[in-house]
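Quick notes on the structure that follows.
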Amino acid sequence: MSELTEDFLNIMHRFRRLNLFSLLPLSRQDYMVLATIRCLQRKSSEKLRVSAVARDMEVVTPAVSRSLKNLESQGFVKRTVSPTDRRNIYVALTEKGGMAMASYDAILAQFHKRVVEQMSAEEMQRLLMLLERMYAISESQLAQMKREEQEK
């Protein structure tokens, strides 16, 4: 591994270890469940199944269920069982949950604003351009390596 690659991976690891969610009274998992519920509710007026939340988050349903139990005890979400099929559990953000998310979003926005203000507009534009380029290359290479693996 080249020194540049090692330095890059080290910086990315340091970013991953930054616990942005330590600013909030919720765990990262609980915040992500609330954010996913809010997002899915905005997209559709239909009742939201717990399984849909898990699918959108790309995690197993029991992991979402654990978070929902905690979030329900705090009054942020409400779970209901389908009257026609008891296997289907619906979940919805409560008014209290919506207000909490608005508060948490403001805290995270303030953090991001403070970080971005430390950089010039030129630095931010360059960084965004490089990150976009790196993402496109990474996406392409991942797809290519998967194809190569399938061809074996």
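- Between T5 and S2 the shortest heavy-atom distance is OG1-OG, 2.9 Å.
- Of the possible donor and acceptor atoms, one in the side chain of T36 sits under 3.5 Å from a partner among the backbone N and O of M32.
- Counting non-hydrogen atoms of other residues, nucleotides and ligands closer than 6.0 Å to CD of E46 gives a total of 12 or fewer.
- With values rounded to the nearest 0.5 angstrom, R87 atom CZ is found 10.0 Å from R49 atom CZ.
- A salt bridge is defined here as a Lys NZ or Arg NE, NH1 or NH2 lying under 4.0 Å from an Asp or Glu carboxylate O, and E151 with R147 fails to meet this definition.
- Note on M99: it does not cluster hydrophobically with V77, by side-chain heavy-atom contacts below 4.5 Å among ILVMFWY residues.
- When every heavy atom of V64 is checked against every heavy atom of M57, the shortest pair comes out as CG2-SD, 4.2 Å.
- Cluster annotation: M12 is not connected to L127 through the hydrophobic network of ILVMFWY side chains, with a link wherever side-chain heavy atoms come within less than 4.5 Å.
- Heavy-atom minimum distance, V50 versus S65: CG1-OG, 4.1 Å.
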(request) Give the intermediate values and the outcome of side chain to side chain contact (heavy atoms under 4.5 Å, CB included) for residues D7 and E3. (result) CA-CA 6 Å; D7 289 347; E3 189 175 329; 4.1 Å; yes

(message) Working note: M134 + L130, criterion side chain to side chain contact (heavy atoms under 4.5 Å, CB included); need CA distance, chi angles, decisive distance, verdict.
(response) CA-CA 6 Å; M134 181 166 241; L130 290 170; over 6 Å; no

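- Remark: M145 CE is loosely packed, at most 12 non-hydrogen atoms of other residues, nucleotides or ligands lying under 6.0 Å away.
- In this structure, CD in E123 is found 10.5 Å from CD in Q118, a value given to the nearest 0.5 Å.
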(message) Could you walk me through whether Q29 and N70 satisfy the side chain to side chain contact (heavy atoms under 4.5 Å, CB included) test, starting with their C-alpha distance in whole Å, then the side-chain angles of each, then the deciding distance to 0.1 Å, before giving a yes or no?
(response) CA-CA 11 Å; Q29 175 74 12; N70 181 41; over 6 Å; no

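- Residue L68 holds its CG atom at 11.0 Å from OG of S73, rounded to the nearest 0.5 Å.
- A heavy-atom distance below 4.5 Å is not found between the side chains of K78 and Y90.
- S67 and D30 make their closest contact through OG-OD1, 2.7 Å (heavy atoms, listed as atom of the first residue, atom of the second, distance).
- Of the possible donor and acceptor atoms, none in the side chain of H13 sits under 3.5 Å from a partner among the backbone N and O of L9.
- Taking CG of L48 as the reference point, atom SG of C39 lies at 10.0 Å (rounded to 0.5 Å).
- Surrounding CD of Q144 are more than 12 heavy atoms belonging to other residues, nucleotides or ligands, all under 6.0 Å away.
- Across K96 and Q74, no two heavy atoms sit closer than the pair NZ-O, 2.8 Å.
- A distance of 5.0 Å separates NZ in K47 from OG1 in T80, rounded to the nearest 0.5 Å.
- In this pair, Y104 and F76 present their aromatic rings perpendicular. The plane angle is above 60°, beyond the 30 to 60° band.
- Interatomic distance, L20 CG to H112 NE2, rounded to the nearest 0.5 Å: 5.0 Å.
- For R38, the CZ atom is densely surrounded, since the number of other residues' heavy atoms within 6.0 Å is greater than 12.
- Residues V33 and V60 do not share a hydrophobic cluster, clusters being chains of Ile/Leu/Val/Met/Phe/Trp/Tyr side chains in contact below 4.5 Å.
- At most 12 non-hydrogen atoms from other residues, nucleotides or ligands lie less than 6.0 angstrom from CZ of R28.
- Side chain of T94 to backbone of G75: a donor-acceptor contact under 3.5 angstrom is found.
- By the rule that hydrophobic residues join a cluster once side-chain heavy atoms approach within less than 4.5 Å of another member, I11 and L18 end up as members of one cluster.
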(request) Tell me, with the steps shown, if L24 and L108 meet side chain to side chain contact (heavy atoms under 4.5 Å, CB included). (result) CA-CA 9 Å; L24 307 178; L108 294 174; 4.2 Å; yes

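- Remark: E117 does not engage R114 in a salt bridge, criterion side-chain N to carboxylate O under 4.0 Å.
- F111 and L34 fall within a single hydrophobic cluster, where Ile, Leu, Val, Met, Phe, Trp and Tyr are joined by side-chain heavy atoms under 4.5 Å apart, directly or via other members.
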